[in-house]
Number of protein chains: 2
Amino acid sequence: MQIRLKNRKEQIVSLALDLLQTRGFENFSYQDLSRELGITKASIHHHFPKKEDLGIALCHAIEVWHEREFSKTRNHPGSTIEKLDCYVNGCLRYACGDKKICPLSSLQADIGTLPEAMRPALKRLDDHELDFIAELLEQGQQSGELKFAGPVRSQAILFVLACKGALQYSRVHGRQIFDDTMNQMKTLLIA
Amino acid sequence: MQIRLKNRKEQIVSLALDLLQTRGFENFSYQDLSRELGITKASIHHHFPKKEDLGIALCHAIEVWHEREFSKTRNHPGSTIEKLDCYVNGCLRYACGDKKICPLSSLQADIGTLPEAMRPALKRLDDHELDFIAELLEQGQQSGELKFAGPVRSQAILFVLACKGALQYSRVHGRQIFDDTMNQMKTLLIA
DNA sequence: GTCTATAAATGGATAGAC
DNA sequence: GTCTATCCATTTATAGAC
């Protein structure tokens with residue numbers, strides 16, 4: 001019902017995002033989109049003339065998703081650990097049934113063949129996410145909840161890496177490996 | 001000179017491994033191989049009738065590489081930290097010029113479209129690598145060099161994840177992020 | 001906005017000559 | 001083992017009618 005209300009452009013981006021996370025940018029086609037949406041390839045080219053245009057739209061969709069998720073996490077009541085859990089659950093939300101990975105991981109994997117125009121957007125999105133996690137970790141450190149040595153920024157990348165990597169491994173080894181990895185990360189940060 | 005001595009099959013696998021690490025399994029073609037080797041596509045099909053066959057050969061090449069690298073690391077004189085550095089340098093070796101990632105990361109990213117026959121091989125290689133790192137970490141823990149809470153296996157996956165993830169990020173953000181991440185990982189394990 | 005039709009290029013794969 | 005030639009499906013993309 002809710003999906004029907006979305007306009008075509010949003011429908012296309014939404015489905016493309018799904019395929020990006022399960023197959024990668026170079027491994028889904030306008031044909032895949034047209035089949036699942038029940039319209040022709042030409043119609044999709046009407047909305048996104050080149051695949052690069054669709055790619056840019058995907059980056060924008062990820063940015064919007066980031067804003068919403070980050071804001072939700074910032075406003076989440078409770079400790080830093082609970083906020084981090086909130087972010088991790090956001091990670092998990094894209095991993096329905098161990099099939100999806102982080103869309104940014106997917107784009108990174110395809111960096112060698114990605115349209116040029118998408119690269120700056122990808123870098124920007126990565127940085128934005130790292131800034132956000134660094135902010136959270138710093139709060140936790142100052143409140144005495146988290147204990148870790150070394151630069152906050154380095155710890156942030158390690159944390160984000162763990163989430164995304166665990167998601168990738170889950171597709172091959174099952175969901176348990178995700179929980180194990182996240183628990184270990186928390187153990188290191190609290191101990 | 002040394003390359004000239006290799007037979008065709010090895011030349012093909014060697015080049016394919018390179019392309020796997022820079023572009024991904026689904027994003028290089030027999031045409032790419034033929035162009036760079038100066039022989040026709042048909043000749044490559046003679047050695048590897050289906051791309052799946054080439055994929056299996058790639059998995060085997062990675063296994064051989066693992067054996068060599070793990071053995072070198074086990075025999076590396078010195079502390080556990082120095083052995084881990086040896087493994088990390090092995091990681092770096094495939095990242096000439098920030099362009100290559102771990103071949104297993106690359107295969108994981110393409111898991112959605114990978115030929116069925118390659119999946120068990122991929123899982124086996126992942127497990128083999130995790131077992132090896134867990135062995136190293138446990139030695140370090142018992143000798144008192146490393147201090148970390150939680151299951152060794154979980155710490156092993158976290159360590160491997162950090163190496164591979166940092167390699168992926170390096171392609172987008174530059175090599176510095178790799179060193180920063182590895183230093184942070186060491187900081188957490190020693191502190 | 002959606003369709004039919006079509007183009008041009010590419011990718012995986014095979015047959016058969018040398 | 002390598003080649004030429006060819007096949008068929010797919011992919012990105014465009015033109016033009018409705």
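Naming convention: chains lettered A, B, ... in sequence-line order (proteins, then strands); numbering from 1 in each chain. Just so it is clear, the model here is predicted, and its values are computed rather than measured.
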A/Ile39, nearest nucleotide to its side chain (from D/dT2, D/dT14, C/dT2): C/dT2
Distance in angstrom units between A/Lys51 NZ and D/dT14 P, rounded: 15 Å
Nucleotide D/dA13, atom C1' - distance to CG of A/Asp53 in whole Å: 12 Å
Listed nucleotide nearest any side-chain atom of A/His46, set C/dA15, C/dT2, D/dA13: C/dT2
Any donor-acceptor N/O pair under 3.5 Å between D/dT12 base and A/Lys41 side chain: yes
Whole-Å gap separating P (D/dA5) and NE2 (B/His45): 17 Å
Atom-to-atom span, CZ of A/Phe25 to C1' of D/dT11 - whole angstrom: 13 Å
Phosphate OP1/OP2 of D/dT10: any A/Gln31 side-chain N/O under 4.0 Å: no
For B/Arg171, all residues meeting side-chain contact (heavy atoms from CB on, under 4.5 Å), sequence neighbours excluded: A/Ile111, B/Ile101
Nearest-Å distance for atom pair CD/P, residues B/Glu26 and D/dT10: 14 Å
Side chain of B/Ser29 - closest among D/dA13, C/dT2, C/dG11: C/dG11
Gap between atoms CG and P, on A/Leu54 and D/dT12 respectively (whole Å): 10 Å
Sugar-phosphate only, base, or nothing, as touched by A/Phe28 at under 4.0 Å among non-hydrogen atoms: sugar-phosphate
Residues A/Glu63 and A/Arg124 bridged, charged N to O under 4.0 Å: yes
Salt bridge A/Arg153-B/Asp180, side-chain N to carboxylate O under 4.0 Å: no
Interatomic distance, A/Glu52 CD vs D/dA13 C1' [rounded to whole Å]: 13 Å
Minimum-distance nucleotide to B/Lys50 side chain [options: D/dT4, D/dT12, C/dA13]: C/dA13
Salt-bridge criterion met for B/Arg74 and B/Glu69 (N-O under 4.0 Å): no
Any donor-acceptor N or O pair under 3.5 Å, side chains B/Ser29, B/Asp32: yes
Distance below 4.0 Å between A/His47 side-chain N/O and C/dT2 OP1 or OP2: yes
Between P of C/dG11 and CZ of B/Arg35, the distance in whole Å: 8 Å
Distance test, side-chain N/O of B/Ser43 to OP1/OP2 of D/dC3, below 4.0 Å: yes
